[in-house]
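What follows is a short report on a single structure.
By convention in this document, chain letters (A, B, ...) are assigned in the order of the sequence lines, proteins followed by strands, and residues within each chain are numbered from 1. Atoms considered below: every heavy atom in the structure, side chains included; atoms not considered: hydrogens, waters and symmetry mates.
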There are 2 protein chains.
Amino acid sequence: MASIREVAEEAGFAPATVSRYLNGHIKLKPSTQKKIEDAIDKLGYRGNGLARRLATGKSETLGFVTTDISYPFFASIASAAEREATRLGYALAVFNTRNDIMREMQILSYLQTRQLDGVIIMTNHTQTEDLATQITNDSHVVILDEDIPGAVGPRVFAENRQGGRLAARHFLENGHRSFAVISGPRGLISVEERIEGFKEELSVHGLSLPSDMIFSGPYSEETGGLGVDHFRNSPDRPTAMFATADNLCLGAIREANAANLKIPDDLSIIGFDDIPNADLLAPPLTTIRQGTAELGAESVRLMLGRLRGEIDPSVTTRIPVTLIERQSVRRMD
Amino acid sequence: MASIREVAEEAGFAPATVSRYLNGHIKLKPSTQKKIEDAIDKLGYRGNGLARRLATGKSETLGFVTTDISYPFFASIASAAEREATRLGYALAVFNTRNDIMREMQILSYLQTRQLDGVIIMTNHTQTEDLATQITNDSHVVILDEDIPGAVGPRVFAENRQGGRLAARHFLENGHRSFAVISGPRGLISVEERIEGFKEELSVHGLSLPSDMIFSGPYSEETGGLGVDHFRNSPDRPTAMFATADNLCLGAIREANAANLKIPDDLSIIGFDDIPNADLLAPPLTTIRQGTAELGAESVRLMLGRLRGEIDPSVTTRIPVTLIERQSVRRMD
DNA sequence: CTGAAAGCGCTTACAG
DNA sequence: CTGAAAGCGCTTACAG
């Protein structure tokens, strides 16, 4: 590879001039510009990003941290984030943590070694004190989808509470009166806020959700299955079940099939996320859609705004949510 | 951030010694090792990856190029690749090309600017001459999933032909005698090899696939829908349809639903990939499973082997394929 | 074994 | 406007 020095020699100028020209810090007269361009073409010069980054102290790459990129909902967000980052001149490095906090800490440390300019983090557990302090120190972190309480940094969340309300309202409109919830780990905002919204809407109608009608566990398909199992055998079997994530519904549907429990005839369900192909499931899943494109794009915009110091670390952007009606909710009466 | 020079001063040695120690190029006597470790702890030294990379000429990051990471099948592969890369000390930068060859060329150029040590490329079109020559020059590229004819480099593909045979055999075993294929763009090996295998198996049984029973188009859900539409109105309507990718099936199922065509009663289908939740579709999809974990992991292993010069650029690894029987194929008679 | 020095390829104050 | 020089923070022949 040709270096900037070689280009400069070829063109008859100093490296500094070539550098400034290439970075747009300077406007050259046409003749010298041509000489430089010719030298670049002749030598096939392309610049060395590493050297530039070392000199400037910027890596021009953003880290995107998630538990597992193979979960379709996360993949959609990552895809949108990659698109926006690319548009704005940044690369996106994707990291799977498998929910391991040590791995999360390690990735955050890349910020200090300057391998990453910023990191957008989606975490999925509630033991986040260490993360919080490190994030606060780093100040180049955007928190996405799930909260990390106590950390200082911009946040992007869905309108979780509103989502819960929409779910409850839809059940109510279809005549349901007995409810259950299957959720991820208590303490996550995707759990707490969605449940709160759900309850809020019920209470508007003079109804409530007894605490023993909430079944919680890790955000896995298995939890969904266990939840169905649990409520199927409970004395007051609910007709309507709200799940705080679609993958919970996946497990629920599998278990219902195995137990010969008909959805929606025997049990109506509403999920959250609207994962790809939710419309092709048996039954097509009624769910609360989160805008993955907005979630991904907004997180990188906030990230870059933060890097430029234009964005206050205390901002929280909420991404709207909509109910997608399909066929997993039975009309009662 | 503390630098290696500061650590060296603190410990009373030269930066060179610290560097060698940290890289395991040297074994120190316990006392000096302790001094260095103490200095590192005291200063919170972490090393600067950029500087190391500039000095060594290695970026320690691999590029993973796909048309869109949000397609679940690609996301699964990327996830496995990330895992294996991490295990072996490399980061994985994910790039979405949206099938744009210019973007692919751009990413390959990062190899020359040393931003990437190698790239694993999944492409999805047939106009690949320019790609091929660039890849041959770069020599740090692994070709995954779809071929780039003429390019010199290790390849990782599924046992496509075998997959096609399995699909045909399953149809035959279930009594089908009239067949159709919906495929991605002609020329892609995922299309050609799978169709060849399908035909091979038919011919073993004295049957054939007329060329007008192959409907091709871009690898999109839309193509699947158009295919169903096409064959539904054809004079000799097939009972069995093989799709060279599951997303084609997704479109096919949607269209069949819209046209009130029952799968598998009116039309049996077999897909390819076994995308996540294929078992929960209506109907649960019988499909040829590709091992995404192996595809992803093997591609990074070949990549690193290639970087170390241990792997011949002409190797092609084939990943096994299995038929997953579910309920989209009707038993005839 | 250990160190001083040069070099990786840029960028950017500082001078002129 | 343009250039010489220093510096980013490492690594690694080359000496001793």
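The side-chain heavy atoms of A:L50 and A:L54, taken from C-beta on, include no pair separated by under 4.5 Å. Side-chain contact between A:V94 and A:F74: absent, with no pair of heavy atoms (C-beta onward) separated by less than 4.5 Å. At a threshold of 4.5 Å between non-hydrogen side-chain atoms, the residues A:R83 and B:R98 count as touching.
Across all strands shown, D:dT2 is found opposite C:dA15 as a Watson-Crick or G-U wobble partner, with both distances under 3.5 Å.
The two residues A:F95 and A:I107 have their closest heavy-atom pair at CB-CD1, 3.4 Å.
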Q) Checking salt bridge (charged side-chain N to carboxylate O under 4.0 Å, His left out) for the pair B:K34/B:E37: CA distance, chi angles, key distance, verdict? A) CA-CA 5 Å; B:K34 174 150 177 21; B:E37 286 294 354; over 6 Å; no
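Each of D:dT12, C:dC10, D:dC10 was ranked by its minimum atom distance to the side chain of B:A16; first place goes to D:dT12. Nearest nucleotide to the side chain of A:A51, out of C:dC8, D:dT2, C:dC10: C:dC10. Side-chain proximity of A:L54 to D:dG9, C:dT2, C:dC10: nearest is D:dG9. Of all nucleotides listed (C:dT2, D:dG3, C:dG9), C:dT2 comes nearest to the side chain of B:R20. Comparing C:dC10, D:dG3, C:dC8 against the side chain of A:R52 picks out C:dC10 as the nearest. Of the candidates D:dT12, C:dC8, D:dT2, C:dC8 carries the atom nearest the B:A55 side chain, counting heavy atoms from C-beta on.
Remark: the separation of the P atoms in D:dG9 and D:dA13 is 23 Å, to the nearest Å. The same atom, P, is picked in C:dC1 and in C:dA5; the two are 23 Å apart, to the nearest Å.
B:G47 comes within 4.0 angstrom of the backbone, heavy atoms only, and of no base. B:S19 comes within 4.0 angstrom of a nucleotide base, judged by non-hydrogen atoms across all strands. At the heavy-atom level, A:L50 lies nowhere under 4.0 Å from the strands shown. Among the atoms of the strands shown, only primed sugar atoms or phosphate atoms (P, OP1, OP2) are found under 4.0 Å from some heavy atom of B:T56. Using a 4.0 Å heavy-atom cutoff across all strands shown, A:Y21 reaches no nucleic acid atom at all.
Both A:A14 and B:T17 lie near DNA chain D, and the one whose nearest nucleotide falls closer to the 5' end is A:A14.
If you take CG of A:L43 and C1' of C:dG9, they are 15 Å apart, rounded to a whole angstrom. If you take CD of B:Q112 and C1' of C:dC8, they are 18 Å apart, rounded to a whole angstrom. To the nearest angstrom, P of D:dC8 lies 14 Å from CD1 of B:I4. Taking atom CZ of B:R5 as the reference point, atom P of C:dA4 lies 13 Å away to the nearest angstrom. Between the CZ atom of A:R46 and the C1' atom of C:dG9 there is a distance of 16 Å, given to the nearest Å. Whole-Å rounding puts the B:F13 CZ to C:dA4 C1' distance at 16 Å. When the P atom of D:dA13 is taken as reference, atom CD1 of B:I26 falls 14 Å away, rounded to whole Å. Regarding B:N48, its CG atom lies at a distance of 11 Å from the P atom of D:dC8, rounded to whole Å.
Residue B:H25 places none of its side-chain N or O atoms closer than 4.0 Å to OP1 or OP2 of D:dT11. Between B:N23 and the phosphate of D:dT11, there is a side-chain N or O to OP1/OP2 separation shorter than 4.0 Å.
We find that A:E84 and A:R87 are joined by a salt bridge, their nearest charged nitrogen and carboxylate oxygen being less than 4.0 Å apart.
Under 3.5 Å, the side chain of B:R53 and the base of D:dG9 form no donor-acceptor pair of N or O atoms.
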